[in-house]
Q: 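Pasting a structure here, questions to come.
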Amino acid sequence: MVSAKSENLIFHGIAASPGIVIGEARIADRSRVSVVEALIDSAEVPAEIDRFRLALAKATEELKVLKQQISTSKGSEHLYVIDAHLLILQDNMLTLETVDFIEREKINAEAALKRALRKFQAFFAGIEDEYLRERGGDVEVVIERVLRNLVGKRHDPLFAAEGKVVIIAHDLSPTDVLQIDKNKVIGFATDLGGKTSHTAILARSLEIPAVVGLERITGEVQDGDPVIIDGVAGTLLINPDQETFRNYLQRKQRYEYQEQELLKLKDLPAETLEGERVLLKGNVEFVEEVPSIKGHGGEGIGLYRTEMLFLNRSTFPDEEEQFIAYAAVVKAMAPHPVSIRTLDIGGDKFAADLHLEDELNPALGLRAIRLSLRQPEQFKSQLRAILRASALGKVRLFFPMVSGVVEIRMVKTLLAEAKEELRSRAVPFDERLAIGIMIEIPSAVIIADLLAREVDFFSVGTNDLIQYSLAIDRTNEHLSHLYEPLHPAILRSLKMVVDAAHAAGIDACMCGEMAGEPSYLPILLGLGFDELSMSGVSIPKVKKILRRCSKKEAEQLVARALTFPTAAEVESFLNSEIAAHFSESFD
Ligand code: PEP
Ligand code: MG
């Protein structure tokens, strides 16, 4: 092990939440409770079970008190984490498994609970989807709380630190992050964790710089060491020397200045020099991301991917479960609109346990709307759930991977049935709910004029449109040099889509990654897109460019860009235009 007293020790982890902080390390002992397995007499079994139930009840009570405290001090926005933990405590399987181990194995409650935990861990470890796998961490945190109650350890408030510190921990729970007082804790770094863990998601939305997945950082840092967390690069530096310290200080100041400048744009209209508006919205998969979209000035959610609810489970979530999830996003984003996309599963998005058949060409297979149309009852339950959410705010509904008019007509028939079913149950929904389609298959581009007569808006999914138009697997790193958003075929396609939409009087939106790339903004503006949807952090950057652009000039730029025969030539033309007209905005 390298001594932490050496200078400039740098460790690379996962950039969980952006920002640079320099401070004193404080090692947080969130170590696991150690449990000794002890055999008990049959006569002791009932008392042991009572002890376990009491510890469960105490943990529930603690979480409720915590929930109350947090809602008073920080509002109710993030309380879903505690609710999720309360649900785990109420889970029958946890209680049944533990009681079963006590009765069958005649072991103490702590050991029985640890064994139940191992079963849960094995279950979560086998999950392919990263996000869901990391939910296993939530179960561990909750069980740890019950264990502490069983062995009589107190839950010390984690961050009763003096002064401003950087927390270094083996792992932090989402509840730990929620309790962070930003006046005292300026950032954190952990051995464990991934980008999509709740801990990382919360750090991002609470804007606490963090690096996770550093593997053995708790063994390297000592209490009081000066450390630098770079949540942009995903590094942690111990004991910086004077020069490194000065460099980071400058980097930090530059980063913060740029962020401050960008955030000044938050409430300014997303419009061109002539006052032409382009709606800038956010893409989300979880309700936790909504505050970040709002915080960056997003005027709605342009793409709510609903896949997460469906991944890695053996049954489809029912209408009620879906409704709860969709309603949460709609309510959190109100009064702004939310475009909810129906299930886009299959292809590179696996649903291991939904009994989908193995396919030779999954990207060209039974995915997205094709799968939904094959399973009309399940599809209608999703439609009903979305319709019900439409009674709670502004909702738009749209469909992935539409290749032709027949599909959209079939969708409309099922949508009409779903509406009728709700009417017969007297359940309210928005009768005038707008519907749209993703444009991400070349056939949809070619017949965009025909499709435009059927729907209220288009949303171009460039991630797939580029993949299918150029026959480039979007997940194959060996082909990434051929994945060219500025390819003349793509530019022509985008023009056809926007022109067809506008000729029919409907909105042309884009929600693929291309929309969030600031340097493409002049092209997308010139093509005439009405709405661009992207990750929260990209919104101010794109808005900054938009506000310096003239729509008229952007149209002229597009007219020129469309004349070049290769992506490289389009790009060098775009770069020279940017250098000439927008250099100030791209710094
Ligand atoms: C797209 O294809 O551009 C898109 C936004 O959808 P997804 O990335 O979910 O396939
Ligand atoms: Mg797509």
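For the single chain, residues carry numbers from 1 onward in sequence order. Note that ligands are numbered from 1 as they come in the structure, with each ligand's atoms numbered from 1 the same way. Worth saying up front: this structure is predicted, and the values here are computed from it rather than measured.
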Q: With salt bridge (charged side-chain N to carboxylate O under 4.0 Å, His left out) as the test, would you mind laying out the steps for K294 and E289 before giving the verdict?
A: CA-CA 9 Å; K294 284 172 129 177; E289 294 163 282; over 6 Å; no
Q: Check the side chains of H502 and D530 for a donor-acceptor pair under 3.5 angstrom, ignoring hydrogens and angles.
A: yes
Q: Determine whether N283 and S535 make a side-chain contact, defined as any pair of heavy atoms from C-beta on separated by less than 4.5 Å.
A: no
Q: Any N or O on E307 sitting closer than 3.5 Å to an N or O of ligand 1?
A: no
Q: Suppose I only count heavy atoms of G461 and a 4.0 Å limit; which atoms of ligand 1 are within that range?
A: 1 (C), 2 (O), 3 (O)
Q: Do you know which two heavy atoms are closest between L387 and L415, and how far apart they sit?
A: CD1-CD1, 4.1 Å
Q: Need the atom name: nearest N/O/S atom of D464 to the Mg ion (ligand 2).
A: OD2
Q: S550 and E274: side-chain donor and acceptor closer than 3.5 Å?
A: yes
Q: Any N/O/S atom from D344 (main chain or side chain) under 2.8 Å of the Mg ion (ligand 2)?
A: no
Q: I'd like to know whether ligand 1 has Q467 as a neighbour, heavy-atom separation below 4.0 Å.
A: no
Q: Assign the ring pair F398 / F457 to parallel, tilted or perpendicular, where the plane angle (0 to 90°) is split at 30° and 60°.
A: tilted
Q: For ligand 1, which atoms have a heavy atom of G512 less than 4.0 angstrom away?
A: 3 (O), 5 (C)
Q: So is R341 polar-close to ligand 1, meaning N/O to N/O under 3.5 Å?
A: yes
Q: Between the candidates M401, E440, E285, R305, which shows the shortest non-hydrogen contact distance to atom 2 (O) of ligand 1?
A: E440
Q: What N/O/S atom of E440 is the closest to the Mg ion (ligand 2)?
A: OE1
Q: For a quick test of reading the model, state the closest non-hydrogen atom pair linking F429 to R388 and the distance between them.
A: CB-N, 4.4 Å
Q: Near L303, which atoms of ligand 1 are under 4.0 Å from a heavy atom of that residue?
A: 5 (C)
Q: Please table the atom pairs, donor to acceptor, closer than 3.5 Å between any side-chain atom in residues 435-451 and protein atoms at least two apart or in another chain.
A:
unit_1 : atom_1 : unit_2 : atom_2 : d
E440   : OE2    : M401   : N      : 2.8
S443   : OG     : S403   : O      : 2.8

Q: Looking only at heavy atoms, is any part of N283 under 4.0 Å from ligand 1, and if so is it the side chain, the backbone, or both, or is it neither?
A: neither
